[in-house]
Amino acid sequence: MELRGRVVETEAYLGGEDKASHSSGGKRTERNTAMFMKPGTIYVYQIYGIYQCMNISSRGEGAAVLLRSLEPLQGLDTMRELRSARRKENARPLKDKELCNGPSKLCQALDIQRGFDRRDLASDREVWLEQGPDSPNPETVVSAPRIGINYAGEWASKPLRFYIQGNSCVSVVDKAAERASNT
């Protein structure tokens, strides 16, 4: 079963200078090796000891882009099954827009595990990115601060999260950033 989704929200991590990046200060570890590999390499890491997040190395030397949210397009029943496996038995059914509206939810819905770490999106036959038929109009892309990095000092407020305004699958809407982008 092929699972497909449209990327609707990302966060950029700029490498060594970025205090919120796993590669801050040029730190290389076994965990973040993929961030230093060629652009298009998948970086999967675990958070809270149980959830996965997927990034894509973007320019070498520790820079990467976190996939925060997808709009599910194909294989929604399979995505729902994969997400339901981690939910309580009596939980309400998930709406389509809730399948991939967060970095760990996205990984659950697409069954992205640590084994995807260091795989090459340009040559892998099981996971890839491709240009969609309808790229977002630049005026609809909102630039806002990243989420959950309050520890990063001045880097916490830098507008390095990007999402498509008005898309129901975005994880967190930033009304202030939307107002600023519309002026």
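Throughout, numbering of the chain's residues begins at 1 and tracks the sequence. Atom set for the values below is all heavy atoms of this structure, side chains included, hydrogens, waters and symmetry mates excluded.
In terms of heavy-atom proximity, Ala64 sits nearest to Ser58 at N-OG, 3.5 Å. Shortest non-hydrogen contact noted between Asp18 and Ala12 is OD2-O, 4.1 Å. Taking all atoms of both residues into account, the shortest heavy-atom contact from Asn101 to Ser171 is O-CB, 3.1 Å. For Ala156 against Pro145, the heavy-atom pair with the smallest separation is O-CB, 3.5 Å. Taking every heavy atom of both residues into account, Ile164 and Val7 meet most closely at CD1-O, 4.1 Å. Closest heavy-atom contact between Gln108 and Leu82: O-CB, 3.3 Å.
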Set out, in order, the CA-CA distance, both residues' side-chain angles and the distance that settles side chain to side chain donor-acceptor pair (under 3.5 Å) for Ser135 and Gln131, then state yes or no. CA-CA 8 Å; Ser135 295; Gln131 179 75 36; 2.4 Å; yes
Output, in order, the C-alpha distance, side-chain angles, deciding distance and verdict of salt bridge (Lys or Arg N to Asp or Glu O under 4.0 Å) for Arg80 and Glu98. CA-CA 9 Å; Arg80 195 169 275 104; Glu98 297 171 317; over 6 Å; no
Criterion side-chain contact (heavy atoms from CB on, under 4.5 Å) on Glu9 and Leu70, from CA distance to verdict: CA-CA 7 Å; Glu9 182 181 5; Leu70 291 181; over 6 Å; no
Could you go through Lys19 and Glu154, starting from their C-alpha distance and side-chain angles, then the distance that decides it, and tell me whether this counts as salt bridge (Lys or Arg N to Asp or Glu O under 4.0 Å)? CA-CA 8 Å; Lys19 301 293 185 224; Glu154 69 181 91; over 6 Å; no
Show the numbers, then the answer: is there a side-chain contact (heavy atoms from CB on, under 4.5 Å) between Arg119 and Glu126? CA-CA 10 Å; Arg119 289 169 74 171; Glu126 291 183 295; 2.6 Å; yes
Could you walk me through whether Leu14 and Leu160 satisfy the side-chain contact (heavy atoms from CB on, under 4.5 Å) test, starting with their C-alpha distance in whole Å, then the side-chain angles of each, then the deciding distance to 0.1 Å, before giving a yes or no? CA-CA 9 Å; Leu14 304 182; Leu160 295 171; 4.0 Å; yes
Would you check, one step at a time, whether the test salt bridge (Lys or Arg N to Asp or Glu O under 4.0 Å) holds for Arg4 with Glu130? CA-CA 10 Å; Arg4 288 179 172 260; Glu130 64 188 27; 2.4 Å; yes
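The distance from the NZ atom of Lys158 to the CD atom of Glu11 is 15.0 Å, given to the nearest 0.5 Å. Atom SG of Cys100 and atom CZ of Arg6 lie 14.0 Å apart (nearest 0.5 Å). Once rounded to the nearest 0.5 Å, the distance linking CD1 of Ile112 with SG of Cys53 reads 11.5 Å. To the nearest 0.5 Å, atoms CZ (Phe36) and CZ (Arg118) are separated by 12.0 Å. The line from CG of Asn90 to CZ of Arg92 is 13.5 Å long, rounded to the nearest 0.5 Å. Between atom OG1 of residue Thr10 and atom CZ of residue Arg146 there is a gap of 11.0 Å, rounded to the nearest 0.5 Å.
Ile149 and Val142 are not part of a single hydrophobic cluster, where members link through side-chain heavy atoms under 4.5 Å apart. Tyr163 and Leu67 are members of different hydrophobic clusters when ILVMFWY side chains are connected at heavy-atom separations under 4.5 Å. If you chain together hydrophobic residues whose side chains sit under 4.5 Å apart, Leu66 and Trp155 never meet in one group. Grouping the Ile, Leu, Val, Met, Phe, Trp and Tyr side chains by contacts below 4.5 angstrom, directly or via other members, places Leu99 with Leu3.
At distances below 3.5 Å, not a single donor-acceptor pair connects side-chain atoms of Arg83 with backbone N or O atoms of Leu106. Side-chain atoms of Tyr51 do not come within 3.5 Å of backbone N or O of Cys107 as any donor-acceptor pair. In this structure, Ser69 contributes its side chain and Val8 its backbone to no donor-acceptor pair below 3.5 Å. The closest donor-acceptor contact from the side chain of Ser24 to the backbone of Ser21 lies at 3.5 Å or more, if one exists at all. Between the side chain of Thr140 and the backbone N or O of Gln165 there is no donor-acceptor pair closer than 3.5 Å. At least one donor-acceptor pair closer than 3.5 Å links the side chain of Thr33 to the backbone N or O of Thr29. In this structure, Asn32 contributes its side chain and Lys27 its backbone to a donor-acceptor pair below 3.5 Å. Ser23 places a side-chain N or O within 3.5 Å of a backbone atom of Gly62 that can act as its donor or acceptor partner.
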Can I get a per-line list of side-chain donor-acceptor pairs under 3.5 Å for residues 41-49, giving both atom names and the distance, sequence neighbours left out?
from  : atom 1 : to    : atom 2 : distance (Å)
Thr41 : OG1    : Lys38 : O      : 2.7
Tyr43 : OH     : His22 : ND1    : 2.5
Gln46 : NE2    : Gly49 : O      : 3.4

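Under the rule for a salt bridge (charged side-chain N to carboxylate O under 4.0 Å, His left out), Glu81 has no partner lying at least two apart in sequence or in another chain.
Residues in residues 108-153 take part in no ring-ring contact (aromatic ring centres under 6.0 Å, His included) pair, two or more places apart or across chains.
Looking only at side-chain heavy atoms (C-beta outward), Arg161 and Val172 come within less than 4.5 Å of each other. Side-chain contact between Met79 and Met1 is absent, with no heavy atoms from C-beta onward closer than 4.5 Å. The shortest distance between side-chain heavy atoms of Val65 and Asn55 does not fall below 4.5 Å. Taking the side chain as every heavy atom from C-beta outward, Leu76 and Asp96 approach each other to under 4.5 Å.
At least one cation-pi condition fails for Arg68 and Phe162: the charged atom is not both under 6.0 angstrom from the six-membered ring centre and inside a 45 degree cone around its axis.
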